[in-house]
Amino acid sequence: MKENLTDLFGSNVFSVSVMRERLPKKVFAEIVDVMEHGGNISMATADIVANAMKDWAVEKGATHYTHWFQPLTGVTAEKHDSFLTAPQDSKALLQFTGKQLIMGEPDASSFPSGGLRSTHYARGYTAWDMTSPAFVKEMSCGTILCIPTIFVSYNGEALDKKTPLLRSMEAINTQALRILRLFGNTQAQKVIPQVGAEQEYFLVDREKYMKRRDLIYTGRTLFGAPAPKGQEMDDQYFGVIRPRVGAFMADLNEELWKLGIPATTQHNEAALAQHEPAPIYTTCNLAVDHNQLTMETMKRVATRHGLVCLLHEKPFVGVNGSGKHNNWSICTDTGENLLDPGDTPNENLQFLLVLACIMKAVDEHADLLRCSAACVGNEHRLGAQEAPPAIISIFLGDQLDDVVEQIVANVESVKLLARGTLDSGVSTVPVLNKDGTDRNRTSPFAFTGNKFEFRMVGSSDSIAEANVALNAIVAEAFCQAADLLEKAEDFNSACSKLIHSWMSQHQRIIFNDDGYSDEWVAEAVRRGLPNLRSMVDAVPALTTEKAEKLFTKFGIYTKSELEARAEILYETYVKVIKIEANTMIHMAAKHFIPTAIAYTTQLAQSISSVAGACPTADLSVQKGLLEKVSVHLADASAALEQLKPLMARVDAIEDIKEMAHAYHDAVVPAMTALRIPVDELELLVDKDLWPVPTYGDLMFEV
Ligand code: ADP
Ligand code: MG
């Protein structure tokens, strides 16, 4: 690292302190006021800010600016415009105006809108989100000043992930403040959800990656037999980091720190070639921006090291997939975390009310939370053999669970289970105080001390939707609680009653045992909890009456925005599976079947030449192999021939929802049917002939 960490951190961010330094006092005060309380800045102010931003960015080597936004593609979008105005006398004149800063109008008709606008109504607007600071990004195409923006249609409908997120943050702010006021808190002016996103990923060698069309087109392997060694030895998790990976991590940290992203943890994950960084948590929308930037930076830095960063949820069958843990809490501007139970949660009425609200919210809107983590790659994790299950439940840990039990049982004075100490039996190691909760890796929504960890989100997905859902459902419960309690004559008794009532009604959402077990699946059915295994089953959650009521009440989504998002999810599902199926057809027809034919031909030729040279030679091995390979070859060819017409039939379906279901029910199994014989072939065919790097090559040779 060239500079020390203090100088490096945030050096590419137009932060509040940079603004304080570079803006006239009055302008700075106006900007900070709008950042904190909302409102508009005057065009004169915008001009001054824009000019200061440009000067700062140009000093950093920037030549262009862009409105950086998060359309419904799941990745970020940017169109670069240079600071150049018409040159005079061959001299460059640089300009960046307030108008250019505040608003952009990209011709964005090619972004998914789910029918919110047709191609001939192309207008979309980007508008500066002042709560997320501008930054410069150093890319191969130059250094670019990036202005984080929302993206809306001509009629103000959200076409992005940030707009509803900001709306949901306002909703939870307003409703949480009502709760705080009931408890006599007059200090807090703002309540802000806090998020820290752990990000899992795989690294593979770029040269090997380039030999696999499935990785290139779909981000995952569509074929591939397991390597002889997987993760059964548990020797990768937290293991020593391989040198090439370590160099990547060091470089990545540096890039993230420059962008003001507080990357702090790094370690090897469970699967070989799988790793994870985590940042220090921050304001929800900034955390979402940072996570998008992290993913983008990981990909860019990997290329520099001759590596490719795979963010897909399931790059390899048979080893762990990748997710994102969305750690979420709610904090006041005075530094109070509403999810902090304190030392005596049993007596902490405010905490218990917040907990009761969260139980109610998660139970009533389990389907929405599930849907917020729906992306095509996540199909291989949720509801499949892997963690976490598609059933939403809450893990509280022994101590809090016991508190809830007592409240539900109407115990007069609720006691707290002793935390206990941990005596390792080693005299030189001090006796340790234990945490109030153990961990439960199988829970999709686990309380971890002073935050909830939502573990369902896919590794490639934006965390925006998950946080929109969390903020919205909890805002609704807060609102209902405040509506009741603001009218109460005896606040304490009304509050205790409400906590008892909601905890009793929603206790079914709590589950502290093994979330991967079959017993839980059966138990969840008994409890009436939804188990939406597939994305296509989860999408309708967005357009139920219940969802519409929730989101429109707080102005987070309109009915048509919800319908549009549902449509986009179905479309995305169809498109992704179609690309995967087409890639399989390509690889089977062009790579694997020809290879198998070449190998059988080679075998047959060697059989006849050996027989010619030595009529008494034992050729049973060669003949057996030839037979086996021929059987799998025939199976592969038959599966290929079935997949093609099947896709044509499914593509003829007009309704997008029906088509998505047909892809799920018919095409996906047909893809598996093609994969099986090809993976068998891989295990038989001479390694030198096999046309693509294998799982062993990809995971062990980094
Ligand atoms: P754990 O060990 O429970 O996974 P860590 O302390 O390693 O927790 O944190 C995991 C992630 O959770 C980090 O990104 C961290 O910044 C974030 N985090 C910690 N406390 C909070 C909080 N109060 N609210 C939101 N995120 C948090
Ligand atoms: Mg964690």
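Order of listing sets the numbers, starting from 1, for every ligand and every atom in it.
Of all the atoms in ligand 1, the ones that sit under 4.0 Å from a non-hydrogen atom of I280 are 16 (O). Every atom of ligand 1 with a heavy atom of G196 under 4.0 Å away is listed here by number and element: 14 (O), 26 (N). Interface atoms of ligand 1 facing N450, defined by a heavy-atom separation under 4.0 Å, are 23 (N).
Considering backbone and side-chain atoms together, W328 places no N or O closer than 3.5 Å to any N or O of ligand 1. Taking only nitrogen or oxygen atoms, main chain and side chain alike, A197 does not reach within less than 3.5 Å of ligand 1. Residue T448 has no N or O atom closer than 3.5 Å to an N or O atom of ligand 1.
For the side chain to side chain donor-acceptor pair (under 3.5 Å) with E198, the lone residue among N326, T265, N327, N291 that qualifies is N327.
Using a non-hydrogen distance threshold of 4.0 Å, T265 does not register as a contact of ligand 1.
Judged by distance alone, the side chains of Q175 and Q480 never bring a donor and an acceptor atom under 3.5 Å apart. A side-chain N or O of D289 and one of Q70 form a donor-acceptor pair less than 3.5 Å apart. No side-chain donor from either of H325 and E200 sits under 3.5 Å from a side-chain acceptor of the other.
With respect to E78 and K137, a salt bridge is recorded, a charged nitrogen being found less than 4.0 Å from a carboxylate O.
Proximity of N337 to ligand 1, defined as any heavy-atom pair under 4.0 Å, is confined to the side chain (atoms from C-beta onward). Only side-chain heavy atoms of E198 come within less than 4.0 Å of ligand 1; its backbone N, CA, C and O stay farther off.
By the 6.0 Å contact criterion, CZ on R533 is open, its count of non-hydrogen atoms from other residues, nucleotides or ligands being 12 or less.
Atom 25 (C) of ligand 1 has its nearest heavy-atom neighbour, among Q199, Q194, R455, in Q194.
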Task: Worked check of ring pair (Phe, Tyr, Trp, His ring centres under 6.0 Å) between H275 and Y201 - done: CA-CA 6 Å; H275 314 279; Y201 65 97; 5.6 Å; yes
